[in-house]
Colleague: 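Sharing a structure, written as structure tokens. Questions coming.
Chain letters run A, B, ... following the sequence lines, proteins first and then strands; every chain starts at 1. The model shown is predicted, which means the values in this text are computed figures rather than measured ones. Side chains included, hydrogens not; waters and symmetry mates left out as well; all remaining heavy atoms used.
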Number of protein chains: 2
Amino acid sequence: MSDLAPIPDIIIRRLPIYLQALQHLHSRSVVTTNSQELGKMLGISAAQIRKDLSQFGGFGKQGTGYNIPFLIEKLKNILKIDRTWDVILVGAGDLGHAIARYQGFQNRGFRIIAVFDNNPAIIGSTIEEFSILPVSQARDFIQKNRVNIALLTVPASSAQEAAEFLVESGIKAILNYAPISLLLPEGIQVEYLDPLLQLQHMTYYLE
Amino acid sequence: MSDLAPIPDIIIRRLPIYLQALQHLHSRSVVTTNSQELGKMLGISAAQIRKDLSQFGGFGKQGTGYNIPFLIEKLKNILKIDRTWDVILVGAGDLGHAIARYQGFQNRGFRIIAVFDNNPAIIGSTIEEFSILPVSQARDFIQKNRVNIALLTVPASSAQEAAEFLVESGIKAILNYAPISLLLPEGIQVEYLDPLLQLQHMTYYLE
DNA sequence: CATTGTGAACGGGTTCACAGCA
DNA sequence: TGCTGTGAACCCGTTCACAATG
């Protein structure tokens with residue numbers, strides 16, 4: 001627990017996966033698990049799971065394994081998802097519309113609280129309960145509501161510009177749906193979500 | 001090019017990213033680039049880009065760098081995306097609907113050619129030009145049309161079962177939108193697409 | 001006595017530095 | 001001269017193996 005050295009990011013990336021598996025077990029009323037069972041579920045070695053979890057403290061019990069509700073709580077703590085995060089959606093095109101309508105985020109710790117676009121033709125129209133706001137109002141909104149996270153669903157051609165504006169406005173983490181790499185200051189979290197990259201990776205192994 | 005040893009998967013994963021950057025440069029009519037410029041665009045070291053590309057042959061020219069159209073062609077070859085891949089969409093709930101309507105795959109080397117679901121209430125209804133087919137017809141369809149790739153957008157609770165059925169029917173690659181790990185035979189490609197995992201990873205670094 | 005937690009060994013990906021070449 | 005291609009060095013993540021323990 002005495003983390004003078006930062007925890008490797010690659011471990012942090014696995015924690016949500018562990019959490020997902022644990023919640024799945026929990027939903028089936030399983031109370032205890034162990035590194036071997038988790039490993040089989042996830043295709044990860046038991047040793048790695050033990051080593052990953054041990055970075056944060058002794059969550060397990062020798063001889064019995066891990067208590068699932070307890071470990072879920074701990075992982076949520078570590079990942080800071082023991083709360084609900086407000087996020088904004090920037091870009092109300094087809095993709096943005098689909099995401100705004102999609103209920104998958106709500107109840108899972110993230111809540112879309114506003115939708116922005118800069119197309120005058122759609123500003124003021126509504127998606128679900130959201131009235132589409134002009135991007136020019138985003139800065140005030142972000143600061144007033146202390147929003148840290150943005151979902152970026154603008155076209156690739158304006159993604160860099162939009163991202164820079166969001167960062168200047170106080171956004172600290174961007175989930176980028178646009179198929180383009182963003183260059184942003186150190187310390188800004190960026191994740192990329194492009195199904196095409198994943199499809200293109202898989203085809204290498206086909207035929 | 002004499003690959004007795006297989007190319008590490010981590011390199012294959014970077015190729016689509018390189019391709020994306022190259023296509024971006026190409027669209028701006030840039031004809032030549034080099035490892036340093038690409039590295040800056042992508043946040044990857046120049047040495048790594050050179051080493052990755054050299055795995056597949058000498059694509060560059062000392063002193064000048066890489067010819068963009070040539071390198072794009074080569075990467076498409078390697079990734080086998082110098083053709084169009086037919087894919088099926090399995091699961092026509094909200095998410096499946098959004099993906100079926102979304103035009104982002106067409107014209108980028110992948111084409112949805114059918115949509116399946118097992119809910120009698122929606123079988124036969126249409127999304128765009130697709131008539132939703134019963135899953136029971138999927139096996140024949142996959143085999144007749146030699147489909148290799150499926151987008152899986154069923155609920156998490158039925159994803160494992162659906163995936164197994166698809167694999168038995170001949171599917172070789174699954175892009176899994178359901179928030180659950182799949183256990184499938186060796187040799188089947190699986191990619192996971194769950195925005196929540198990415199959001200949960202980013203929150204670790206916030207505040 | 002089954003399973004964790006962990007130092008040590010291992011393996012492999014990344015960086016370095018420079019020879020080679022247009 | 002400028003940039004690629006690449007062996008060697010380095011670094012870091014994974015696996016191994018076992019002591020510790022409830």
Colleague: Looking only at the side chain of Ser54(B) (C-beta and beyond, no hydrogens), which of the listed nucleotides dA22(C), dT6(D), dG7(C) gets closest?
Modeller: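 Closest nucleotide to the Ser54(B) side chain: dT6(D).
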Colleague: May I ask you to verify if any side-chain N or O of Arg50(A) is less than 4.0 angstrom from the OP1 or OP2 atom of dA20(D)?
Modeller: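 So the side-chain polar atoms of Arg50(A) never come under 4.0 Å of the phosphate oxygens OP1 or OP2 of dA20(D).
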Colleague: What's the closest nucleotide to the side chain of Ile10(B) if the choices are dT14(D), dG13(C), dC16(D)?
Modeller: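 Looking only at side-chain atoms, Ile10(B) lies closest to dG13(C).
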Colleague: In whole angstroms, how far is the C1' atom of dT14(D) from the CG atom of Leu53(A)?
Modeller: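 One finds 15 Å between C1' of dT14(D) and CG of Leu53(A), rounded.
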Colleague: Please tell me whether Tyr205(A) and Asp9(B) have a donor and an acceptor in their side chains that are separated by less than 3.5 angstrom.
Modeller: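 The answer is yes; a qualifying pair exists.
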Colleague: Tell me: OH of Tyr18(A) to P of dT4(C), nearest whole Å?
Modeller: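 Rounded to the whole Å, the gap is 13 Å.
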Colleague: What is the separation between atom CG on Asn67(B) and atom P on dA22(C), rounded to the nearest whole Å?
Modeller: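 Roughly 16 Å, once rounded to whole Å.
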Colleague: For dC3(D), does either OP1 or OP2 sit under 4.0 Å from a side-chain N or O belonging to Thr64(B)?
Modeller: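 For dC3(D), OP1/OP2 do not have a side-chain N/O of Thr64(B) under 4.0 Å.
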Colleague: Closest nucleotide of DNA chain C for Asp52(A) versus for Gln62(A): which of these residues is on the 5' side?
Modeller: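 Upstream on the strand: Gln62(A).
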Colleague: State the CD1-CD1 distance between Ile174(B) and Ile149(B), to the nearest 0.5 angstrom.
Modeller: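 With rounding to 0.5 Å, CD1 (Ile174(B)) is 11.0 Å from CD1 (Ile149(B)).
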Colleague: How many whole angstroms separate atom CD1 of Ile44(A) from atom P of dC16(D)?
Modeller: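 Roughly 15 Å, once rounded to whole Å.
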Colleague: Find out whether Leu151(A) and Leu193(A) are in side-chain contact, i.e. whether some heavy atom of one side chain is under 4.5 Å from a heavy atom of the other.
Modeller: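 Not touching, per the 4.5 Å side-chain cut-off.
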Colleague: Nearest to the Asn34(A) side chain among dA17(D), dT4(D), dT3(C), which nucleotide is it?
Modeller: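 So the nucleotide nearest the side chain must be dT3(C).
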Colleague: Nearest of dT4(C), dT4(D), dG22(D) to any side-chain atom of Ser35(B)?
Modeller: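 Comparing dT4(C), dT4(D), dG22(D) against the side chain of Ser35(B), the answer is dT4(D).
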Colleague: Can you find a side chain N or O atom of Tyr66(B) that sits less than 4.0 Å from OP1 or OP2 on dG2(D)?
Modeller: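 The answer is no; no side-chain N or O of Tyr66(B) sits under 4.0 Å from OP1 or OP2.
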Colleague: Write down the distance between CD (Gln55(A)) and P (dT14(D)), rounded to a whole number of angstrom.
Modeller: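 The distance from CD of Gln55(A) to P of dT14(D) comes to 11 Å, rounded to the nearest Å.
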Colleague: Assign each of Gly60(B) and Gln48(A) to its nearest nucleotide of DNA chain D by heavy atoms, then name whichever residue's nucleotide is nearer the 5' end.
Modeller: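 Nearest nucleotide further toward 5': that of Gly60(B).
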Colleague: Write down the distance between CD (Gln36(A)) and P (dC16(D)), rounded to a whole number of angstrom.
Modeller: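 These atoms are roughly 13 Å apart.
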Colleague: Would you say CD of Glu161(B) has more than 12 non-hydrogen atoms from neighbouring residues, nucleotides or ligands within 6.0 angstrom?
Modeller: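 No, not enclosed.
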Colleague: Tell me which of Asp9(A) and Gly63(A) sits closer to the 5' end of DNA chain D, going by the nucleotide each one is nearest to.
Modeller: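 Comparing both residues, the 5'-ward one is Asp9(A).
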Colleague: Rounded off to whole Å, could you give me the CD1-to-P distance for the Ile11(A) and dT6(C) pair?
Modeller: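 After rounding, the gap between these two atoms is 13 Å.
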Colleague: Over how many whole Å does the gap from Leu38(A) atom CG to dT4(C) atom C1' extend?
Modeller: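 Spelled out: CG on Leu38(A) to C1' on dT4(C) is 13 Å.
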Colleague: Does any N or O in the side chain of Gln189(A) come within less than 3.5 Å of the main-chain N or O of Thr203(B), such that one atom is a donor and the other an acceptor?
Modeller: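 The answer is no, because no donor-acceptor pair under 3.5 Å joins these two groups.
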Colleague: Check every atom of dT14(C), dT15(D), dA17(D) against the side chain of Lys51(A) and return the nucleotide holding the closest atom.
Modeller: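 Selected nucleotide (nearest to the side chain): dT15(D).
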